[in-house]
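All remarks here apply to the structure that follows.
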Amino acid sequence: MQKGVLKVGKKVVFFLSTDKYPSPFDVLVIYDAGADAVVPCGGLELDDVRDLVLDAMFPRGPKGIVDTTIFIGGKDVDKCEKVLDIAKRAMFPPFEIAIAFDPAGACTTSAAMVAKVAKAVKEKLDKSLSDITVTILAGSGAVGSRAALLFAKDGARVVVGASRVEAAQKVAKEVNEKIGEERVRPAFVPRSISEDKGETYEACKDSDVVVSTAAPGVIKLPLEILKKLDKCRVVADVNAVPPLGIEGLKMDSDSEELIPGVYGIGPLSIGNVKLQAELKLIEKAINSKKGVFGHEEAYDLAKELVGV
Amino acid sequence: MQKGVLKVGKKVVFFLSTDKYPSPFDVLVIYDAGADAVVPCGGLELDDVRDLVLDAMFPRGPKGIVDTTIFIGGKDVDKCEKVLDIAKRAMFPPFEIAIAFDPAGACTTSAAMVAKVAKAVKEKLDKSLSDITVTILAGSGAVGSRAALLFAKDGARVVVGASRVEAAQKVAKEVNEKIGEERVRPAFVPRSISEDKGETYEACKDSDVVVSTAAPGVIKLPLEILKKLDKCRVVADVNAVPPLGIEGLKMDSDSEELIPGVYGIGPLSIGNVKLQAELKLIEKAINSKKGVFGHEEAYDLAKELVGV
Amino acid sequence: MQKGVLKVGKKVVFFLSTDKYPSPFDVLVIYDAGADAVVPCGGLELDDVRDLVLDAMFPRGPKGIVDTTIFIGGKDVDKCEKVLDIAKRAMFPPFEIAIAFDPAGACTTSAAMVAKVAKAVKEKLDKSLSDITVTILAGSGAVGSRAALLFAKDGARVVVGASRVEAAQKVAKEVNEKIGEERVRPAFVPRSISEDKGETYEACKDSDVVVSTAAPGVIKLPLEILKKLDKCRVVADVNAVPPLGIEGLKMDSDSEELIPGVYGIGPLSIGNVKLQAELKLIEKAINSKKGVFGHEEAYDLAKELVGV
């Protein structure tokens, strides 16, 4: 090593995953974001977390720790939240490790969707999120609840639609508490459109934007209802497996008109931003000394990416 | 990054293994073939495959996917075949990932053996494979059945000897169908030479070449029988644990005379070519956008390596 | 590759761990010591070892094998000893792989502690280890028994204190056999100080140095007893979780006076040397063609590091 040249350690990322195998998607993104080595820790149980984190904290010292990062992922988002909680509590200054958190892609997906919606609202409606109301269909899940927070933080009024209305209430309560205002309200929306007795229309009729964060294979907003929604100007869907939750929406629609005056954002358009946001998010975590990099940080990055 | 410089991603290889641990042998060869990172996915079950492959397909896009490769390995060759099948069916254009396939080394071992035999046939007998007949003892296994195809594709007549004659019939049928000619025939050969009632001699007596692809510890061709085989000029054996299947053959014999007029190719000579062929095979897979790299590709590379 | 430039392979370290996950601490140290890739082999059973080692021996040949290394780690030190034994027996020339051995950090921790004590003995007492007697409290464990050997090899008389006196006898016998002299003797010391009937004082009263290698959370040497030990001039403790085994000792004490005339070496001072010694130990293993790199090699490196 040359004199005067700063010694830089290898960027090592411990991939804590509640799945049997850390997701190859995330592994590739982590490498592409600049990691020198990804250490797979799959099949993670909550009991494993504290020891792993403590063990990773010490060998590089307070200065070298910037080159160590933890990524938490897995399909079981609730369990991953607990992993995150244990990991955070295990750390103490000056031995904190930066954590990137994106279980099942929920953080970057919600961030990308809200950023894309904000962009369409600005360009097509000449408004900002604080001017509008948005309904999130299947809004109590991992993506929907995070989207609710991001929309609300930027000033939107939000209707969280869910078939289990208590789940929607919980999301609304948590977000309202977090932002310190009553901007989010729950609404009952049946799981299947075949059970619908007008509730879907009710939940959407006052909204400028309707998004679906439902699981694959369920139509949440049939064209027939969409056509009756006089206020609705933008729709979006994160599900990339047909049929989409928003009937008629094209996979790669990038704010094109779905029906006259209604602009659609398809899952592939969102997916592109999600991927770029994840790259940036992990790059940021990899180069940070500490902090948790989740949906809020991803949203800032996604907004930069779409230019809003 | 400088303007105009092509951004090249890290070469990441997902090592899907049906064994508890991906084989260190293959891990080392993959690194030496140019991989930047090998991601171990051991203990693989068939149910895991589709999700892993789908997950690896998307993050780098149609262009970046050239830097992502899958290696399928494991001692259970049949299960690995199923893994390969599921992996291939999961892919679709333009998101195909190149797959290197060498479970238990069967593809590169069979390729190396057939190439070494072709070389000896050319140099010692001044013939090509299309001029000769070869008997494969224990020829219905993972190495033997692949060798049968490689020999037959290059024009040799092949006798597949096996103690379970239906297994030999199956191999003969499959190879003949694949090459579109009736060049391979089955023969009963007892598992242990102690049970032999002349069948081994019968299976070998018309062959210019006799090879053994038997498991370790079983003599398939005693010297006593070999001496009676008037036509036999070349023998080869892939088993590196004594006793060899071809009695009297030296481990490192490189087409030296075993008995007057009979040239022997020992397992270490084959092993050297196998290793080089595996390096080349994986190097090719790593640098390819798509395709399966198995015994046929390995054979082309092995022939280049031995110069035939 | 340019002509005349030596081709150097990637430094690949197979991390064999009896724990579910290879320790992140060691993973980071291995990368920082110069490894290009660490291959995690966690959840190791004894039955797995031989195949893994054999498999790692061959692909790079007798020359390339210098770039392959095995690290054996895990909390179950006894099991790791068995892993080491199987690994050593699997190898044969010229295919030997260098092995770094540091289960639960026991090798580098004992090495660092003994080196720090040797330094204090030299600087504060103007003596060498061959001039002194040392008592090791809880001395029959993984760290204590290794420390006993290192002290004795450098000429110290050693009292191994343990609550199971047969365990202490075993350590004494093994070390004495290894060094070919009767320099180590066992002593009964109760597990908890509340059960003490003077045995702790007895075990320590003739010693110039008293060290504790006890598990966290147990006071082995209360201040009250320490004050009565007229000969004792140096104390040390490897346990970094309060309360320390040596009552009153500061975590980061670096040969400062604990009570007048008694110099204390705290666990963080030892930990710093342990980390540096582990880095050097693994660096040496990574760049060696063969050999086992454990507590004796770590001790040589630790002495260099502290300058004794």
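Here is how names work: the chains are called A, B, and so on, in the same order as the sequence lines, proteins then strands, and each is numbered from 1.
With respect to A:Pro59, the side chain to side chain contact (heavy atoms under 4.5 Å, CB included) criterion is satisfied by exactly one of C:Val29, C:Leu279, C:Ile30: C:Val29.
With hydrogens and angles ignored, the 3.5 Å screen pairs no side-chain donor or acceptor of C:Lys20 with any backbone N or O of A:Cys41.
Looking at A:Phe58, the atoms closer than 4.5 Å to chain C (heavy atoms on both sides) sit in the backbone and in the side chain alike. Looking at C:Ala35, only its backbone comes within 4.5 Å of chain A, counting heavy atoms on both sides. Proximity to chain C (any heavy atom under 4.5 Å) is shown, for A:Leu44, by both the backbone and the side chain. Within the 4.5 angstrom heavy-atom criterion, no atom of A:Asp36 approaches chain C.
C:Asp32 CG to A:Arg60 CZ: the interatomic distance, rounded to the nearest 0.5 Å, is 4.0 Å. Note: C:Tyr21 OH to A:Asp48 CG = 4.5 Å, rounded to the nearest 0.5 Å.
Heavy-atom contacts from other residues, nucleotides or ligands closer than 6.0 Å to NZ of C:Lys119 number more than 12. Remark: A:Lys280 NZ is loosely packed, at most 12 non-hydrogen atoms of other residues, nucleotides or ligands lying under 6.0 Å away. No more than 12 heavy atoms of other residues, nucleotides or ligands shown are found within 6.0 angstrom of NZ on A:Lys75.
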Verdict with supporting geometry, C:Tyr31 and A:Asp67, side-chain contact (heavy atoms from CB on, under 4.5 Å): CA-CA 11 Å; C:Tyr31 274 116; A:Asp67 294 322; over 6 Å; no
Evaluation steps, side-chain contact (heavy atoms from CB on, under 4.5 Å), between C:Val38 and A:Val39: CA-CA 8 Å; C:Val38 179; A:Val39 184; over 6 Å; no
